[in-house]
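To keep things clear, I will list the structure first and then write my remarks on it.
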2 protein chains.
Amino acid sequence: MLKTDTANPAERKRGSGVRVVYESLRDEILDLTLAPGSPIDEVQLAERFNMSRTPIREALVRLAGEGLVETLPNRSTMVSNIDFLNLHTFFDALTLMYRVTTRLAAQNHAAGDLERIRAHQAQFAAAVEAQQALAMIATNREFHAAIAEAGRNPYYTGLFLRLLDEGRRLLRLYYQSFDDRLPQEFVDEHEAMITAIAARDVEAADRLARSHANQIVRQIQQFFARDARQDIAL
Amino acid sequence: MLKTDTANPAERKRGSGVRVVYESLRDEILDLTLAPGSPIDEVQLAERFNMSRTPIREALVRLAGEGLVETLPNRSTMVSNIDFLNLHTFFDALTLMYRVTTRLAAQNHAAGDLERIRAHQAQFAAAVEAQQALAMIATNREFHAAIAEAGRNPYYTGLFLRLLDEGRRLLRLYYQSFDDRLPQEFVDEHEAMITAIAARDVEAADRLARSHANQIVRQIQQFFARDARQDIAL
DNA sequence: TGCATTTTCTTTGTCGACAACAATATGCAC
DNA sequence: GTGCATATTGTTGTCGACAAAGAAAATGCA
């Protein structure tokens, strides 16, 4: 219904079906192309992707495992709602993961890590310069993901990626409303974090990560608080 | 092959199939009934649970999402190996989650939380008294899960439960080798944590959680270090 | 007209079958 | 006997179909 990616009828590598569906749905959910709370029809997806319901279902099971969709037994599955009432738990966990991963990156980064991190930072700066909201969100995620990778703790990385993805939905709302204006300050903060990591200065990395997280959290919280007040005013 | 839970031929509630398979396999993996690295045959499971391969596969997808099994494309899926070389990352994350959840429990616990926590602690103490290793592992998990619940941050709770489950496999090895002897000290430490939570003493809760985690980590590390040395000696 | 009940209809959960892929076994040439 | 190409076997990924479970619509009755 959204996109008709029914391009190739049957020229699809065996075993790639689930991955395609999973990644497509995942991106659409996180980009808010699929609205939170909207129902998901299996047969519709099967038609759209030109495949049977079986791989569609397996993709949905994966998405459910990550909390991106919720599936009621014998009832339709739907895109998970954003829990605005408990956003503070999200921000709390996000801040902790920012700090922990950046700390560990300063401790454990090895050859090649800094190059990868700097490359993502360059892409992020370019996206900010071009004022492209979606690219900003994506490159920011990759930047912090690279830092987490350099920290070399897959448990932290896993939770952090999940939180960053969940945050993509919030950021999408945020940038949508602010008309894609550019937060140059984030670029500078990123640079400072890279410097601290390169110097293996754990405490500085922690401090920067914490203030970076606080910065983001504060802005988003202000935005949603303003939004809520407007809702009441109407 | 292990258990023939082929009891009821078809008297099974619609939609419960996946859950049954998922929980059974999960328990067997964590209890080491299914050895790490052992292959998983879908048709064999289908015969054992008296159902088609479809629900079996969905259960395996869920397990793969939690990292309990690994699935190679077009090749058989197998029980995830324990990554002994990177155990420190596991202990690191586990310790942090011990601390964070206990801190939050001291901050946020509400009516009924303490009762639930104390109930699990009583069961744990009973299991220790009875020197039942499996019951000790299970009740210990429930005790800390209840604390995490009282902390009211589902992101932390989710990661913590995953770590505790992964730890079940390590603890299983640990207790197996030590002939199920009883760590009375854990019971006492639990009691102290409950007291700190009840008093809403966040710093004390943090301190106790940290030392509790260190205690456990140290014992398991010693065990595996000893084990490794024995392996070399042989 | 309003409510309870039955019927239809939609959507899910499960099944058995088939095709593709990987690994092993077989055959053949040297 | 060895090395390579081919056939065979086993296992996975995908499919189309059917039946159960709700939900919605239709019917009946007061």
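Here is how names work: the chains are called A, B, and so on, in the same order as the sequence lines, proteins then strands, and each is numbered from 1. Please read all numbers here as calculations on a predicted model, not as lab measurements.
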Is any side-chain heavy atom of B:V69 less than 4.5 Å from a side-chain heavy atom of B:L25?
no

When rounded to whole Å, the CD1 to C1' distance for the pair A:I40 and C:dT12 reads 14 Å

C:dT11 P sits how many Å from A:L60 CG, rounded?
15 Å

Of A:P55 and B:S76, whose closest DNA chain D nucleotide lies nearer the 5' terminus?
B:S76

Tell me which of A:T77 and A:T54 sits closer to the 5' end of DNA chain C, going by the nucleotide each one is nearest to.
A:T77

Nearest heavy atom decides the nucleotide; on that basis, is B:L72 or A:P73 closer to the 5' end of DNA chain D?
B:L72

Under-4.0 Å side-chain N/O to phosphate OP1/OP2 contact, B:R75 with C:dA23
yes

Provide the start and end nucleotides, 5' to 3', of the part of DNA chain D that has atoms under 4.0 Å from heavy atoms of chain A.
D:dT12 to D:dA23

Going by heavy atoms in the side chains, are B:V100 and B:R103 under 4.5 Å from each other?
no

Say whether, by atom type as modelled, one donor and one acceptor occur between the side chain of B:N153 and the main chain of B:Y155 under 3.5 angstrom.
yes

Of A:H190, A:Q123, A:H120, A:Q121, which is the lone residue that meets side-chain hydrogen bond (donor to acceptor under 3.5 Å, both in side chains) with A:N140?
A:H190

Among B:E47, B:E58, B:E42, find the one that has a salt bridge (Lys or Arg N to Asp or Glu O under 4.0 Å) with B:R53.
B:E42

side-chain contact (heavy atoms from CB on, under 4.5 Å) partners of B:V79, counting only residues at least two apart:
B:I29, B:L34, B:S38, B:I40, B:R169

Which part of the nucleic acid, if any, lies within contact of A:E58, taking any heavy atom under 4.0 Å across all strands shown: a base, the sugar-phosphate backbone alone, or nothing?
nothing

Whole angstrom value for the distance that separates C1' of C:dT24 from CG of B:N74
17 Å

